[in-house]
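Labels below follow one simple rule: chain letters A, B, ... track the order of the sequence lines, proteins then strands, and each chain is numbered from 1. Here the structure is a predicted model, which is why all the values come from computation and not from measurement.
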Protein chains: 2
Amino acid sequence: MDVKSDQSTEQQIIEVAEKLFMEKGFALTSTTEIARKVGCNQALVHYYFRTKEKLFESIFERKAQLMLSAILKMDDPTQPFEERLRKLVENHFDIMVENPQLPFLFLNELLTNPKRLELLTQKFQMLPLTLMERFANDLQNEIDKGRIRNVTPISILLTVLSLNLTPFIIRPIFQKMTNTSDELFNVIIQQRKQENILILMRSLMP
Amino acid sequence: MDVKSDQSTEQQIIEVAEKLFMEKGFALTSTTEIARKVGCNQALVHYYFRTKEKLFESIFERKAQLMLSAILKMDDPTQPFEERLRKLVENHFDIMVENPQLPFLFLNELLTNPKRLELLTQKFQMLPLTLMERFANDLQNEIDKGRIRNVTPISILLTVLSLNLTPFIIRPIFQKMTNTSDELFNVIIQQRKQENILILMRSLMP
DNA sequence: CCCAAATTTAATAGCTCTATTAATTTCATG
DNA sequence: CATGAAATTAATAGAGCTATTAAATTTGGG
């Protein structure tokens, strides 16, 4: 059960904690269990991170950064709008592939812990608003030119989010209920990315 | 804080428990808190339901039935396929409107508690398979006639689920981040139903 | 009005968890 | 190899939770 490794104990704690937090969320993960899985004394977890809350936050923060920056840097204004949208879906989807448990962790923590939502909201407010504004402008431009039907930017983002997040969130339920192997599911997921792009594109036709 | 009411205490316990379970899930809700909100002794919760687990299961079971039967009985084979799909999305969406916290509860419990997933899977296996089969058959029929592009039944269901669930699941996060009032959100939700139907229909075009 | 059943409460055992403190061990370095 | 800092452990306080038990209270039918 416990991890033999040449990494520093501190690093091991972070990794085990990350794994457990991802699987079960903050509340259902105990520092006792983390210590047991690492193979160290429970007090050691508190020695390095003082509180379970701080340990969690450091991990959560890092994940939030990862996701945010990945989404932010993906926009290339030299491309035509449709191409940028396509890339948006693809890149967002790929981040999910790399971090399949992230959506559930985010949902779980943000929905059950108001403090956490508050924190992330503040971080979100600091984002360059220009980004959203530019997206809205470019969209309006396309609409005016009759290339896209009249639709709000929020609506588009909600569609992307819906299509991209859900497969990852319901994955364990889906696999269990339809008796789908990991291999098959991975195939389905890859098809799904293309499917989502197609659905979004068609949804925007005038 | 405590509830004054002419209902039986047992009924009050169920209602308060349901509310709390919906908001915070099984793990984060304590029988102590339920009793406090009802305004009774904590032992009383156990007097009526013996364990917190049994109390939860009775509520969860009822909700699962509600959702399942609502979905099952919505199919009218006399209608054309497209019309039935439209109704499927609408009805499923309406159930969500009536029980906006249900998606999160289901996700949360099924994803964090393997026993619960096992249980629901068994219930699901007992469903008349014919239903899924008929859906698949009818779909294939449409595809053969060239009225719908080649797409699997699972893919369609995943699309419906994605589009319909997500707005309700992320509601609190969305409202906080975009500073949206309850009233405005309800408007958005109603528009979203139509939007989802449109997206699905377009996604199926040959 | 009485009493038995149903309801409700008080008290508490036993568990797990977080966090802290003090003691012990490890280890690099002068 | 001595020493002090860093790492680790043992022990435990203190809190909250579930579940049970026995006692107290309420209530409805005869």
Below 3.5 Å, can you tabulate the donor-acceptor pairs from side chains in residues 113-120 of chain A to any protein atom, sequence neighbours excluded?
from	atom 1	to	atom 2	distance (Å)
A:N113	OD1	A:K115	N	3.0
A:N113	OD1	A:R116	N	3.4
A:R116	NH1	A:E53	OE2	2.6
A:R116	NH2	A:E109	OE1	3.2
A:E118	OE1	B:K176	NZ	2.8

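- Remark: A:D138 engages A:F81, A:R84, A:R134 in a side chain to side chain contact (heavy atoms under 4.5 Å, CB included) (not counting sequence neighbours).
- Applying the 4.0 Å criterion to OP1 and OP2 of C:dT16, one finds that A:T32 has every side-chain N and O outside that range.
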If you look only at distance, which donor and acceptor atoms sit under 3.5 Å apart when one is on a side chain in residues 96-105 of chain A and the other is two or more places apart or in another chain?
from	atom 1	to	atom 2	distance (Å)
A:N99	ND2	A:I95	O	3.1

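- Once you apply a 4.0 Å limit to the heavy atoms of chain A, the touched nucleotides of DNA chain D run 5' to 3' over D:dA6 to D:dA10.
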- Full working for side chain to side chain donor-acceptor pair (under 3.5 Å) between B:R149 and B:S203: CA-CA 9 Å; B:R149 77 183 164 95; B:S203 82; 4.8 Å; no
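- Counting only heavy atoms from C-beta on, A:S30 has its side chain closest to C:dT18 among C:dT18, C:dA10, C:dT8.
- With sequence neighbours excluded, no residue forms a salt bridge (Lys or Arg N to Asp or Glu O under 4.0 Å) with B:K54.
- Dashed line: the shortest gap from a side-chain N or O of A:H46 to OP1 or OP2 of C:dA19 is under 4.0 Å.
- Within residues 49-61 of chain B, the residues having any heavy atom under 4.0 Å from DNA chain D are, by residue number, B:R50, B:T51, B:K52.
- In this structure, A:L44 places its CG atom 16 Å from P of C:dT25, rounding to the nearest Å.
- Annotation: side chain to side chain contact (heavy atoms under 4.5 Å, CB included) contacts of A:Y47 (sequence neighbours excluded): A:L44.
- Remark: A:R202 engages no residue in a salt bridge (Lys or Arg N to Asp or Glu O under 4.0 Å) (not counting sequence neighbours).
- Across residues 108-120 of chain A, not one residue has a non-hydrogen atom less than 4.0 Å from an atom of DNA chain C.
- For B:T9 and C:dT8, the shortest distance from a side-chain N or O to OP1 or OP2 is below 4.0 Å.
- Under the 4.0 Å criterion applied to side-chain N and carboxylate O atoms, A:E57 and A:R50 are not assigned as salt-bridge partners.
- Under the side-chain hydrogen bond (donor to acceptor under 3.5 Å, both in side chains) criterion, A:Q140 pairs with A:D144, sequence neighbours left out.
- Partners of B:E18 under the salt bridge (Lys or Arg N to Asp or Glu O under 4.0 Å) rule, at least two apart in sequence or in another chain, are B:R62, B:K63.
- In this entry the distance linking CG of A:L20 with C1' of C:dC17 reads 15 Å, nearest Å.
- Note on B:Y47: a base of the nucleic acid sits closer than 4.0 angstrom, heavy atoms only.
- Residues satisfying the side chain to side chain contact (heavy atoms under 4.5 Å, CB included) criterion with A:S181, sequence neighbours excluded, are A:E183, A:L184.
- In this structure, B:Q42 atom CD and C:dG14 atom C1' are separated by 14 Å, rounded to whole Å.
- The CD atom of B:E10 sits 14 Å away from the C1' atom of C:dT8 (whole-angstrom rounding).
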